[in-house]
Amino acid sequence: MPIQSQIQNEDMEGINQFFRHCQMVTREARLIRDSLPNVDIPAARRSVTLLPAITTALDSLDDPWLDPKDIRSAQQEVLENLIPLEQFLGNRGRPPLDIDLEAAQELHDLGNSWDSVAQALGTARSVRMDHMKKAGRLSERPAFADITDDELDDVVAEIILEHPFIG
């Protein structure tokens with residue numbers, strides 16, 4: 001056997017081995033995807049780690065014997081498994097609360113403390129504060145009256161003059 005054909009056979013064996021490994025990983029990812037949401041989280045994470053690596057490796061393959069359609073088909077199969085797994089792993093934990101910020105602000109404007117507003121909404125005060133910050137809303141109580149300090153001083157002085165013995 002000439003040396004050139006031996007090198008070519010070794011290269012083909014490496015590519016064949018790579019494709020067998022890709023097929024095994026993709027098959028496992030498909031099984032995990034089909035089992036959602038009842039999956040082993042570490043197995044799903046492992047697939048989410050390996051599948052993009054396969055896509056990158058397929059992009060870098062430069063072999064005249066490989067049909068570009070086959071490579072695109074393999075990449076498509078990888079993505080069909082990767083996207084649902086990424087979505088599943090990205091949505092872990094408790095779903096976000098839908099807090100009516102208008103109602104919260106209205107309750108606070110009526111004179112309720114933020115603690116009592118949070119209790120009325122069935123949340124913790126910190127959760128309500130986080131939602132208010134994300135929405136870009138102030139959590140301060142609006143001014144009780146539209147009067148300046150000087151005007152308030154004049155009103156107080158007038159009351160004191162009219163009622164000198166009030167306390």
Side-chain angles (χ1 to χ4, degrees), residues 18 21-61 68 71-167:
F18 167 73
H21 183 69
C22 291
Q23 187 178 24
M24 180 188 70
V25 170
T26 305
R27 188 179 305 131
E28 180 183 342
R30 188 179 322 115
L31 177 66
I32 293 169
R33 182 200 68 196
D34 291 343
S35 301
L36 289 175
N38 303 319
V39 298
D40 181 40
I41 300 301
R45 284 193 181 121
R46 182 175 55 251
S47 291
V48 166
T49 302
L50 292 175
L51 291 173
I54 290 172
T55 304
T56 303
L58 288 171
D59 279 337
S60 67
L61 282 178
I71 292 175
R72 281 194 300 276
S73 174
Q75 288 175 323
Q76 182 63 34
E77 187 175 353
V78 166
L79 289 176
E80 287 172 2
N81 291 309
L82 178 62
I83 292 171
L85 292 175
E86 284 180 330
Q87 290 172 345
F88 172 74
L89 291 174
N91 295 332
R92 302 300 302 157
R94 182 179 289 183
L97 289 173
D98 185 23
I99 296 176
D100 187 357
L101 298 179
E102 293 290 329
Q105 189 68 50
E106 190 174 324
L107 287 170
H108 184 65
D109 291 347
L110 291 172
N112 296 300
S113 70
W114 282 119
D115 287 329
S116 62
V117 169
Q119 186 177 10
L121 294 173
T123 66
R125 183 174 188 263
S126 60
V127 171
R128 196 249 349 127
M129 294 286 282
D130 289 342
H131 279 75
M132 294 291 273
K133 282 182 189 175
K134 286 178 186 173
R137 302 181 81 163
L138 298 175
S139 60
E140 300 169 358
R141 186 173 282 139
F144 185 72
D146 296 326
I147 188 171
T148 65
D149 287 342
D150 291 336
E151 292 171 338
L152 180 60
D153 289 342
D154 291 342
V155 170
V156 170
E158 188 178 313
I159 291 172
I160 290 173
L161 286 174
E162 289 177 12
H163 309 281
F165 300 111
I166 294 181

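Keep in mind the model is a prediction, meaning the values are calculated, not measured.
Nearest heavy atom pair, residue R33 against residue N81, reads NH1-OD1, 3.0 Å. Heavy atoms only, all atoms of each residue included: S116 and S113 are closest at OG-O, 2.8 Å. The minimum heavy-atom distance linking P84 with L79 is given by the pair CD-O, 4.2 Å. The minimum heavy-atom distance linking F18 with A57 is given by the pair CZ-CB, 3.5 Å. Taking every heavy atom of both residues into account, I32 and V39 meet most closely at O-CG1, 3.2 Å. Taking all atoms of both residues into account, the shortest heavy-atom contact from S47 to P52 is O-CD, 4.3 Å.
We find the CD1-NE2 distance between I99 and H131 to be 4.0 Å, quoted to the nearest 0.5 Å. From I159, atom CD1 reaches atom CG of D154 across 11.5 Å, with rounding to the nearest 0.5 Å. Between the CG atom in L50 and the CE atom in M24 there is a gap of 8.5 Å [rounded to 0.5 Å]. How far CG of L101 is from NZ of K134: 11.0 Å, rounded to the nearest 0.5 Å. In this structure, the separation between CD on E77 and CG on L82 is 12.5 Å, given to the nearest 0.5 Å. With values rounded to the nearest 0.5 angstrom, D59 atom CG is found 12.0 Å from I54 atom CD1.
Other residues, nucleotides and ligands contribute over 12 non-hydrogen atoms within 6.0 Å of the CD atom of E80. Remark: D149 CG is loosely packed, at most 12 non-hydrogen atoms of other residues, nucleotides or ligands lying under 6.0 Å away.
Proximity of a side-chain donor or acceptor of N112 to a complementary backbone N or O of V117 within less than 3.5 Å is not detected.
Contact annotation: the side chain of L36 approaches that of L85 to within less than 4.5 Å [non-hydrogen atoms, C-beta and beyond]. A 4.5 Å side-chain heavy-atom check between E151 and V155 finds every atom pair outside the cut-off. Counting heavy atoms from C-beta on, the side chains of Q76 and R72 never come closer than 4.5 Å.
Of the listed residues (V25, I83, T55), just one forms a side-chain contact (heavy atoms from CB on, under 4.5 Å) with V78, and that residue is T55.
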ask   = Hey, mind stepping through D109 and Q105 against side chain to side chain donor-acceptor pair (under 3.5 Å) and telling me if it holds?
value = CA-CA 6 Å; D109 291 347; Q105 189 68 50; 3.1 Å; yes

